[in-house]
Number of protein chains: 2
Amino acid sequence: MSESAAPEGPMVHSARMERAAVAAAEAGLAGLLVTPGPDLAWLTGYQPPVTERLTALLLAPGRRPQLIVPTLERPDAEHAPGARGLTITGWPDGQDPYADLVPLLDPRGRYGVSDNTWALHLLAFQRACPGASFGAFTELLPMLRAVKDAYEVERLAAAGAAADAAYEDIVRLRFAGRRERDVAADLARLLREHGHSQIDFTLVCSGPNSANPHHDAGDRVIQDGDMVVMDFGGLKDGYGSDTTRTVHVGAPTAEERKVHDVVREAQQAAFEAVRPGVPCQEVDRVARQVIRNAGFGEYFIHRTGHGIGVTTHEPPYMVEGEHLPLRPGMCFSIEPGIYLPGRFGVRIEDIVVCTETGGRRLNNTDREILVVR
Amino acid sequence: MSESAAPEGPMVHSARMERAAVAAAEAGLAGLLVTPGPDLAWLTGYQPPVTERLTALLLAPGRRPQLIVPTLERPDAEHAPGARGLTITGWPDGQDPYADLVPLLDPRGRYGVSDNTWALHLLAFQRACPGASFGAFTELLPMLRAVKDAYEVERLAAAGAAADAAYEDIVRLRFAGRRERDVAADLARLLREHGHSQIDFTLVCSGPNSANPHHDAGDRVIQDGDMVVMDFGGLKDGYGSDTTRTVHVGAPTAEERKVHDVVREAQQAAFEAVRPGVPCQEVDRVARQVIRNAGFGEYFIHRTGHGIGVTTHEPPYMVEGEHLPLRPGMCFSIEPGIYLPGRFGVRIEDIVVCTETGGRRLNNTDREILVVR
């Protein structure tokens with residue numbers, strides 16, 4: 001895999017659609033039905049609103065990709081980056097778009113659909129074509145978007161570097177005496193200053209709130225002696241960032257330092273386990289074993305990671321039961337944590353890409369416990 | 001229907017869940033499966049992120065509502081406004097949540113699912129419970145969220161008044177010489193100043209762009225002589241606004257004035273057609289007939305309206321083929337338009353609530369063509 005990236009353009013989308021159609025054929029599918037969301041954005045560059053009006057891309061091996069859109073959205077579709085590789089047909093309000101689709105489908109075929117296709121649309125596909133069968137994209141073709149090319153890895157690396165720069169800036173600011181949501185607002189501003197166009201989350205979890213891995217950022221005033229988990233990310237130039245660091249306001253206690261060390265060691269061990277062919281669940285197991293050995297097993301209450309690409313949160317998942325083998329180009333988070341209810345929590349997260357020779361981190365700020373003011 | 005609104009609280013959510021379960025039973029359903037989105041927000045006040053991790057509310061007649069959530073999101077779920085009326089169970093990462101659901105379902109029952117439930121989840125329901133059948137919420141229970149109570153109508157009226165206030169402000173500002181996106185940014189700011197917490201869209205379509213009903217707001221610099229369609233809305237206190245006015249930079253030509261008059265008359269005629277028992281499609285037909293009679297039939301290329309509530313865009317739809325009868329409490333847009341390709345377009349939109357005696361507009365700014373600078 002070359003690390004020199006070609007610019008994105010119409011050819012990229014045509015190549016991705018071709019690759020998806022070939023992968024569908026290899027998986028024994030008659031084709032893929034792609035509705036608005038990250039799959040459609042990745043394949044065509046088209047990002048229409050997600051509504052009850054059907055927009056669907058049909059990819060079938062050996063056929064020109066066909067995009068069905070509401071008539072009034074057709075001008076927008078025709079300006080999408082990948083439009084030149086598509087046949088676009090419009091359907092007017094009051095007409096049944098599912099009936100238009102039937103003649104294009106193999107009446108006994110098996111089709112992949114986007115994970116996030118609305119039930120309203122899937123049920124209509126099933127009704128319109130009762131002899132066909134449907135399965136979710138990530139179950140049938142889990143590797144398609146999961147394996148990034150060199151161009152995509154560079155975009156993810158740039159997003160990661162921008163998130164790192166935001167972290168370097170935020171820890172210079174004051175924490176004690178300010179509300180979590182004020183620090184979160186600063187984080188969002190800094191991510192934008194470093195080139196993010198979209199902020200997906202800026203969790204700032206202080207003191208006992210740090211023990212809730214899904215706490216957002218609230219009105220709690222941060223105090224001296226607090227552990228503070230900051231988990232933040234978004235999109236830069238169409239690709240995602242997601243990183244977590246846990247800092248401490250003033251000097252940490254020996255216990256706090258110990259818990260932080262265990263999480264850091266778990267994260268490092270999981271990172272070192274990354275190489276082609278290793279099942280995703282192994283990354284989770286390695287992190288979990290370090291935490292279990294230290295006696296904190298029951299306090300690591302979530303999976304170890306998730307994929308990242310044109311979204312900040314997607315397959316593959318680093319979780320028990322996920323047997324998919326890692327491949328060069330897969331990008332995902334490694335984010336173990338320990339959460340002591342009512343007291344404090346620690347999480348450390350980097351985005352990692354699997355290369356031929358092992359893992360490469362796309363987040364590179366210091367992972368030691370950092371003391372802030 | 002009383003116009004004095006009770007405040008929203010836990011009882012509201014319990015009452016809504018009870019009402020939904022009764023409606024499900026009346027429709028011959030074994031229950032409803034509700035995933036994150038507007039249905040879940042309306043029923044429980046809980047608004048978790050929409051992800052591949054299953055969160056599902058099961059409503060079944062005569063049974064206590066049951067909410068299944070990822071373990072790490074359980075603390076948030078327990079703080080939801082409607083949580084007291086729910087039994088909440090968590091499932092940890094690595095466990096199959098669909099298997100947990102099976103013992104709760106009637107193996108041969110028919111279930112309604114939220115329109116926006118991800119295909120990934122619906123396909124897993126179908127696989128886990130192959131003897132059960134599933135249908136989309138709006139097809140099985142189209143009236144449930146569509147009919148608003150007095151409390152909801154007041155919230156929608158307040159959102160509409162705020163959007164009107166933003167319009168009154170924006171038309172005092174300069175248009176000529178500024179980019180569409182700058183006017184759009186002003187509109188967003190004004191909506192926030194008038195109490196909106198979320199901006200869903202601020203379309204500013206000038207000159208030839210006004211002929212594209214789904215043009216957003218771009219880099220085109222607005223010029224003297226332009227028609228400008230402004231279509232904007234969002235959420236205020238959890239309920240939606242959506243209104244459109246078409247203004248003109250400087251004096252309009254006779255033809256521009258004529259087209260604007262036709263749209264205004266069509267909008268008025270459709271408004272006057274609103275009363276309980278009238279099918280939704282009749283509202284569309286009345287507007288369309290006015291435009292057709294004036295010779296512009298082929299240039300009205302979208303349906304006449306859509307419902308509004310906890311979202312800015314939902315059933316019921318004012319469209320040919322929608323036979324649902326209007327009922328007191330239904331709230332929806334009436335927004336006919338004429339679009340002359342490459343030249344200009346006009347759209348006028350108000351939110352209207354159906355009352356016992358006819359329509360009541362929730363947008364009340366002037367509908368005559370307004371000249372701006």
Side-chain angles (χ1 to χ4, degrees), chain A residues 33 35 37 48-53 70-76 90 92-96 112-127 134-139 200-201 211-216 281 284 301-304 306 313-315 317 319-322 337 339 341, chain B residues 33 35 37 48-53 70-76 90 92-96 112-127 134-139 200-201 211-216 281 284 301-304 306 313-315 317 319-322 337 339 341:
Chain A
L33 280 164
T35 58
V50 179
T51 72
E52 83 297 339
R53 282 190 178 108
T71 297
L72 78 165
E73 295 176 17
R74 188 174 171 155
D76 290 341
D93 280 349
Q95 188 174 309
D96 177 4
V113 298
S114 300
D115 286 14
N116 69 320
T117 295
W118 280 17
L120 183 73
H121 299 310
L122 173 60
L123 289 162
F125 296 159
Q126 291 175 331
R127 202 165 44 217
F134 301 87
F137 227 66
T138 57
E139 286 167 8
D200 283 4
F201 45 87
N212 174 1
H214 266 222
H215 177 74
D216 194 343
Q281 69 175 6
D284 182 81
I301 55 176
H302 56 72
R303 62 194 176 197
T304 295
H306 57 81
H313 187 173
E314 62 188 42
Y317 300 103
V319 66
E320 184 65 30
E322 181 53 88
Y339 309 93
Chain B
L33 279 164
T35 58
V50 179
T51 73
E52 83 297 340
R53 283 189 177 108
T71 298
L72 78 166
E73 295 176 16
R74 189 174 170 155
D76 290 341
D93 279 348
Q95 187 174 309
D96 177 4
V113 298
S114 300
D115 286 16
N116 69 320
T117 295
W118 279 18
L120 182 73
H121 298 311
L122 174 59
L123 288 162
F125 297 158
Q126 291 175 331
R127 203 166 42 216
F134 301 87
F137 227 66
T138 56
E139 285 166 10
D200 283 5
F201 45 87
N212 174 2
H214 265 221
H215 178 74
D216 193 342
Q281 69 175 6
D284 182 80
I301 54 176
H302 57 72
R303 63 194 176 197
T304 294
H306 57 80
H313 186 173
E314 62 187 43
Y317 300 102
V319 65
E320 183 66 30
E322 182 52 271
Y339 309 93

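Protein chains get the first letters and strands the later ones, always in sequence-line order, with residue 1 at the start of each.
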Of all of [options], which one pairs up most often with chain B through heavy atoms under 4.5 Å apart?
options	value
A:Leu122, A:Asp115, A:Thr35	A:Asp115
A:Glu322, A:Gln95, A:Arg74, A:Gln126	A:Gln126
A:Asp96, A:Val113, A:Asp76, A:Thr51	A:Asp76

Can you tell which part of [X] gets under 4.5 Å to a heavy atom of chain B, answering side chain, backbone, both or neither?
X	value
A:Pro92	neither
A:Phe137	neither
A:Leu72	both
A:Thr71	neither
A:Asn212	side chain
A:Ser114	backbone

Below 4.5 Å, heavy-atom pairs only: which of B:His313, B:Glu320, B:His121 has the largest tally toward chain A?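 Most heavy-atom pairs under 4.5 Å with chain A: B:His313.
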Decide yes or no for B:Glu73 and A:His302: does some side-chain heavy atom of the first lie under 4.5 Å from some side-chain heavy atom of the second? no
Minimum side-chain heavy-atom gap A:His306-B:Arg53 below 4.5 Å: no
For A:Gly94 and B:Val319, work out which heavy atoms get closest and say how close. N-CG2, 3.7 Å
Can you name the closest pair of heavy atoms from B:Glu139 and A:Leu120 and give their distance?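 Nearest heavy atoms, B:Glu139 then A:Leu120: OE2-CD1, 3.9 Å.
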If you round to the nearest 0.5 Å, how far is CG of B:Asn116 from OG1 of A:Thr117? 12.0 Å
